[in-house]
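Okay, structure first, notes after.
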Number of protein chains: 2
Amino acid sequence: MSIAAKAARPERAAAEEDYRLEDHIGFVLRKANQRHLALFSARIGDLTPPQFAALARLEEVGETSQNQLGALIAMDAATIKGVIDRLKTRGLVELDTHKQDRRRLVVRLSAKGRETLARLRPLAFAITEETLAPLTGRERASLMRLLAKIG
Amino acid sequence: MSIAAKAARPERAAAEEDYRLEDHIGFVLRKANQRHLALFSARIGDLTPPQFAALARLEEVGETSQNQLGALIAMDAATIKGVIDRLKTRGLVELDTHKQDRRRLVVRLSAKGRETLARLRPLAFAITEETLAPLTGRERASLMRLLAKIG
DNA sequence: CTGATATCATTTGCATACGAATGAATTTGC
DNA sequence: GCAAATTCATTCGTATGCAAATGATATCAG
């Protein structure tokens, strides 16, 4: 709508006219996430991004407690529990109670988990590549940097 | 780890060493989303971003069918149903079956929904502002543009 | 040593989110 | 005009994601 047209319809407030969902970060983040998820599940159908993140971080840091692992991938206690439960059911991780502190649940990659991770890692790179495909190299670096800044 | 140290441990593959969750778009998108959600719920506690998006789009386009509204904010039929159900329960939208096509469920903002939207819209701007606070003006524009490109 | 505090994990409740299956109603193709 | 295909909505199942409450264990303060 032109400025002239806006002036001609004073009954509609400027706040209403100028509000566009597309200009709000939450909306565009949600859509970008959506597209990434679709690409992820197309390539890695039998594992979700959070599950993959848990396995990847677990290989990085070796065994840790369940909550600590959650903290390392930004998941609260309730969420990481479900993720670990499902990975355990599928034999990708192993669990043990901590020797000194019986509150803790020690999580460890199983051999199968390690193999799965090795197999899927190349796909993860491909997914990131594919998600960023609409961007130039410079734009990709810029996007990653800016997202890291607000995350 | 230095390049020399890497060379000294050939048993660990380069793919493993170089894989960093932080370099993958899915992980940083998830974290950015998380921070936005926290800021949103701190300011608008009684409405979620999807619910807000539905109300905002509804005011933009006037009445539409439930699925059509979902399409306009990138939600599939199953998801938009839950959102509309909750908005309906709270009296923010009104529902009717379409006169000509009895399959369709026509969704409309209620007076209360319109008031709620008018009240919350300024907060939505503040939330976007706050989420993007770590960035300069130029960076904000850049981030929005790049996200729109991959979304 | 012991009561207060803190930490770890679990559970419950609620809200997205999507795939797949289903049923109802409409439109299309012939 | 009627069978086939399509569209709209609903339901079910699974998986995050977070807040709040709870229980078990560990640590700290006095």
Side-chain angles (χ1 to χ4, degrees), chain A residues 26-27 29-42 44-54 63-90 92 95-107 151, chain B residues 26-27 29-42 44-55 63-90 92 95-107:
Chain A
F27 189 73
L29 274 177
R30 187 169 142 273
K31 286 189 61 171
N33 235 330
Q34 243 171 25
R35 175 154 165 278
H36 173 262
L37 181 63
L39 295 173
F40 192 101
S41 84
I44 303 184
D46 65 338
L47 215 61
T48 65
Q51 288 167 8
F52 184 85
E63 59 175 45
T64 14
S65 78
Q66 182 175 274
N67 276 7
Q68 181 58 26
L69 178 59
L72 293 173
I73 51 179
M75 283 183 212
D76 71 7
T79 302
I80 189 67
K81 181 187 191 323
V83 173
I84 294 300
D85 278 355
R86 288 178 282 277
L87 292 175
K88 157 85 173 159
T89 296
R90 300 175 48 182
L92 300 176
L95 302 179
D96 268 309
T97 55
H98 192 276
K99 301 293 189 306
Q100 278 77 41
D101 186 342
R102 287 182 305 171
R103 291 171 306 179
R104 290 193 213 174
L105 191 57
V106 176
V107 189
Chain B
F27 189 72
L29 275 176
R30 186 169 143 274
K31 285 190 61 171
N33 235 331
Q34 243 172 26
R35 176 154 165 278
H36 173 262
L37 181 64
L39 294 174
F40 191 101
S41 84
I44 304 184
D46 65 338
L47 214 61
T48 65
Q51 288 168 8
F52 183 85
L55 293 183
E63 58 177 43
T64 14
S65 77
Q66 182 175 275
N67 277 5
Q68 180 58 26
L69 178 59
L72 293 173
I73 51 178
M75 283 183 210
D76 71 6
T79 302
I80 189 68
K81 182 187 189 323
V83 174
I84 295 300
D85 278 355
R86 287 179 283 275
L87 291 175
K88 157 85 173 159
T89 298
R90 299 176 47 183
L92 301 176
L95 302 179
D96 268 309
T97 55
H98 193 274
K99 300 295 191 304
Q100 278 75 43
D101 186 344
R102 287 182 305 171
R103 292 170 306 178
R104 291 193 211 173
L105 191 57
V106 176
V107 189

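By convention in this document, chain letters (A, B, ...) are assigned in the order of the sequence lines, proteins followed by strands, and residues within each chain are numbered from 1. What you see below is based on every heavy atom in this structure, not just the backbone, and it leaves out hydrogens, waters and symmetry mates.
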Within the 4.0 Å heavy-atom criterion, would you say A:S65 contacts the bases, only the backbone, or no part of the nucleic acid?
sugar-phosphate
What is the separation between atom CD1 on A:I80 and atom P on D:dC18, rounded to the nearest whole Å?
11 Å
Heavy atoms, side chains only, cut-off 4.5 Å: are A:H98 and A:L105 in contact?
no
Just checking B:N67: base, sugar-phosphate only, or nothing, at a heavy-atom cut-off of under 4.0 Å?
base
Give, for atom CG of B:D76 and atom CD1 of B:I80, the distance between the pair rounded to the nearest 0.5 Å.
9.5 Å
Just to be sure I understand the rule, does A:D76 reach a base, reach only the sugar-phosphate, or reach nothing, if contact means heavy atoms closer than 4.0 Å?
base
For A:H98 and D:dA26, give me the distance from atom NE2 to atom P, rounded to whole Å.
10 Å
By nearest atom, which of the nucleotides D:dT6, D:dA26, C:dT16 is closest to the B:R103 side chain?
D:dT6
For residues A:L95 and A:V106, determine if any side-chain heavy atom of one lies less than 4.5 Å from a side-chain heavy atom of the other.
no
Taken to the nearest whole Å, NZ/B:K81 to P/C:dT16 is 13 Å
B:N33 CG - C:dT16 P separation (whole Å):
14 Å
Check every atom of D:dG17, D:dC8, C:dA15 against the side chain of A:T79 and return the nucleotide holding the closest atom.
D:dG17
Figure out the CD1/P separation between B:I84 and D:dT10, and round it to whole Å.
10 Å
Across all chains, not counting sequence neighbours, the side chain to side chain donor-acceptor pair (under 3.5 Å) partners of A:E63 are A:R108
Look at the side chain of A:Q66 and decide which nucleotide, out of C:dA9, C:dT16, D:dT16, has an atom nearest to it.
C:dA9
Do B:R90 and B:L47 have side chains that approach each other closer than 4.5 Å (heavy atoms only, starting at C-beta)?
yes
Taking for each residue the nucleotide of DNA chain C with the nearest heavy atom, is it B:D101 or A:L37 whose nucleotide lies nearer the 5' end?
A:L37
Both A:A78 and B:L105 contact DNA chain D. Taking the nearest nucleotide for each, which residue is further toward the 5' end?
B:L105
Whichever of A:Q100 and A:G82 has the more 5' nearest nucleotide on DNA chain D, that residue is A:G82
Looking only at side-chain atoms of B:Q51, point me to the closest of D:dA26, C:dA15, C:dA25.
C:dA15
Among C:dC8, C:dG19, C:dA15, which nucleotide sits nearest the side chain of B:R86?
C:dA15
Shortest side-chain distance from A:T48, nucleotide among D:dT16, C:dA15, D:dC8
D:dT16
